[in-house]
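A, B, ... follow the sequence lines: proteins, then strands. Residue 1 opens every chain.
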Number of protein chains: 2
Amino acid sequence: METNLTEAPAVSASESEAETPWLTAAEQRFWRAHLEVSKLLDYQLGRELQPHNLAINDYEILVVLSEAPDRRMRMTDLATATLQSKSRLSHQITRMEAAGLVLRQECPGDRRGLYANLTELGWDTMQKVAPDHVRSVRQHFVDRFTPEQIDAMYQALAPVAEHLRNLRGRG
Amino acid sequence: METNLTEAPAVSASESEAETPWLTAAEQRFWRAHLEVSKLLDYQLGRELQPHNLAINDYEILVVLSEAPDRRMRMTDLATATLQSKSRLSHQITRMEAAGLVLRQECPGDRRGLYANLTELGWDTMQKVAPDHVRSVRQHFVDRFTPEQIDAMYQALAPVAEHLRNLRGRG
DNA sequence: CCCGGATTGTTAAAAGTTGTACAATGTAGC
DNA sequence: GCTACATTGTACAACTTTTAACAATCCGGG
């Protein structure tokens with residue numbers, strides 16, 4: 001059901017046979033479970049944001065801005081924080097500005113720059129939506145693990161996140 | 001850096017304060033680590049498929065088809081297996097057909113239906129790309145866990161995958 | 001056989017994303 | 001203060017995904 005061929009193909013070229021470090025059965029099922037959960041969870045959370053007229057990306061912007069000092073952030077920083085390209089973020093903010101959720105604001109001291117500012121409506125929207133979203137996250141993910149599993153998985157994932165973040169930085 | 005507000009907002013309405021099951025600190029950091037790893041890993045694996053002129057979605061199709069009986073699958077089944085909409089899959093297959101990787105084939109016994117067939121080129125491409133992909137998956141993910149962690153995480157994730165799969169089915 | 005409803009896959013148009021180039025600044029070294 | 005170079009955000013064009021509608025086909029009940 002999931003993807004990413006990582007076990008030996010049904011028929012392997014004898015050449016790659018010798019050298020490719022195919023995943024073991026245990027690794028394989030873990031990898032596929034991870035992929036499947038990621039994808040389906042994304043789908044389900046998006047689904048449950050729809051009634052609020054927000055896509056997951058919109059919500060992410062609202063969260064990051066709401067946690068930022070003065071509820072605003074430079075476009076580039078926001079793009080970095082949300083792992084989007086500057087171009088994509090620019091479009092995204094244009095849409096959210098049209099929806100009244102954020103506002104572009106000149107940046108004193110750097111006339112090249114702009115702030116993306118959370119509006120009152122943006123802030124209120126976030127306050128209204130967040131409780132539902134947490135419930136979704138709990139229902140479909142967090143509450144399905146024991147506290148021990150949660151700690152263990154965090155310990156395991158944190159260095160991987162670190163690694164990937166570093167890779168990304170360099171390009 | 002990541003997203004999805006799931007902890008209490010800086011200022012909570014007293015109403016939601018009482019009723020919203022905000023994540024604990026431990027839950028929060030786990031949740032954000034999971035999100036971050038998912039997103040960045042996707043990005044990185046996509047990046048490392050680029051030299052082969054394949055997007056992750058293309059690769060996923062190749063994998064699923066290569067594992068299917070006769071290396072072909074009904075469009076609807078393929079859409080389900082890869083968690084895509086029928087429309088999106090249709091476009092995707094059109095592109096891959098243009099690239100010579102797959103071929104649409106009439107479906108004997110159901111004249112509405114079509115098979116998506118892996119071509120020789122598609123199969124060969126898969127054989128060629130898979131080794132590199134496994135190495136990527138190992139380098140950025142699998143090899144960064146101990147065998148014990150892998151088993152534990154699989155045990156934890158499998159029921160969640162099951163849950164989400166069921167949800168998806170009903171819509 | 002024939003009807004009504006469900007299923008299959010495609011399509012057109014709208015919406016969103018990506019990559020590249022660009023204009024407007026900023027900044028460091030001379 | 002100039003020049004060279006880096007940074008900021010946008011704009012355009014190409015591409016991908018979504019949404020909604022549709023034609024063709026199948027299937028079950030009368």
Side-chain angles (χ1 to χ4, degrees), chain A residues 39 42-47 49-51 53-61 65 72-99 101-117 168-171, chain B residues 39-40 42-51 53-61 65 72-99 101-117 168-171:
Chain A
K39 216 166 179 177
D42 223 52
Y43 173 78
Q44 187 65 29
L45 294 180
R47 218 181 142 64
L49 276 175
Q50 273 191 351
N53 279 306
L54 289 179
I56 280 201
N57 283 333
D58 301 325
Y59 186 70
E60 180 171 16
I61 301 287
L65 285 183
R72 67 182 188 182
M73 209 178 284
R74 287 289 295 267
M75 293 292 280
T76 294
D77 297 336
L78 190 51
T80 301
T82 57
L83 306 172
Q84 303 188 1
S85 69
K86 284 186 304 174
S87 176
R88 176 174 169 182
L89 180 68
S90 184
H91 288 298
Q92 170 108 32
I93 293 297
T94 300
R95 272 174 258 136
M96 293 181 73
E97 201 169 14
L101 298 169
V102 299
L103 202 55
R104 271 183 251 242
Q105 195 179 47
E106 283 182 11
C107 182
D110 187 345
R111 277 189 293 180
R112 295 168 304 178
L114 290 177
Y115 281 112
N117 252 94
R168 164 110 174 154
R170 294 159 201 151
Chain B
K39 218 166 176 176
L40 288 173
D42 223 53
Y43 173 79
Q44 188 64 30
L45 293 180
R47 217 180 142 65
E48 296 182 10
L49 277 175
Q50 272 192 352
N53 280 306
L54 289 179
I56 280 202
N57 283 332
D58 300 325
Y59 186 70
E60 181 172 14
I61 301 286
L65 285 183
R72 67 182 189 180
M73 209 177 286
R74 286 289 295 267
M75 293 294 281
T76 294
D77 298 336
L78 189 51
T80 301
T82 57
L83 306 172
Q84 306 188 8
S85 69
K86 285 183 304 174
S87 174
R88 177 174 171 182
L89 180 68
S90 184
H91 287 299
Q92 170 110 31
I93 293 298
T94 299
R95 272 173 259 138
M96 293 181 74
E97 200 169 14
L101 298 170
V102 300
L103 202 56
R104 271 185 252 242
Q105 196 179 46
E106 283 182 11
C107 182
D110 186 346
R111 277 189 294 178
R112 296 168 305 177
L114 290 176
Y115 281 110
N117 252 92
R168 165 111 174 151
R170 293 159 200 152

List the steps and the verdict of salt bridge (Lys or Arg N to Asp or Glu O under 4.0 Å) for Glu106(B) and Arg112(B).
CA-CA 9 Å; Glu106(B) 283 182 11; Arg112(B) 296 168 305 177; over 6 Å; no
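As a whole-Å value, the separation of Met96(B) CE from dG9(C) C1' is 18 Å. The CD1 atom of Ile56(A) sits 16 Å away from the C1' atom of dT17(C) (whole-angstrom rounding). Straight-line distance from the CG atom of Asp42(B) to the P atom of dT17(C): 14 Å, rounded to whole Å. Residue Arg88(B) contributes atom CZ, which lies 18 Å from atom P of dT11(C) at whole-angstrom precision. In this structure, Ile93(B) places its CD1 atom 16 Å from C1' of dT11(C), rounding to the nearest Å. Rounded to an integer number of Å, the gap from OH of Tyr43(B) to C1' of dG19(C) is 12 Å. Computed from coordinates, the Arg111(B) CZ to dT10(C) P distance equals 17 Å when rounded to whole Å. Taking atom CG of residue Asn57(A) and atom C1' of nucleotide dT18(D), one finds them 14 Å apart after rounding to whole Å.
Taking Asp77(B) as the reference, Met73(B), Arg74(B) meet the side chain to side chain contact (heavy atoms under 4.5 Å, CB included) condition, with sequence neighbours excluded.
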What string of B, S and - do you get for nucleotides 2-13 of chain D, 5' to 3', if B is base contact, S is sugar-phosphate-only contact and - is no contact with any protein heavy atom under 4.0 Å?
-----BBBBBB-
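The closest donor-acceptor contact from the side chain of Gln105(B) to the backbone of Ala116(B) lies at 3.5 Å or more, if one exists at all. The closest donor-acceptor contact from the side chain of Asp58(B) to the backbone of Ala55(B) lies under 3.5 Å. With hydrogens and angles ignored, the 3.5 Å screen pairs a side-chain donor or acceptor of Thr82(B) with a backbone N or O of Leu78(B).
Here Arg95(A) reaches the OP1 or OP2 of dT17(C): one of its side-chain N or O atoms lies under 4.0 Å away.
Both tests hold for Arg168(A) against Tyr43(B): distance to the six-membered ring centre under 6.0 Å, angle to the ring axis within 45°.
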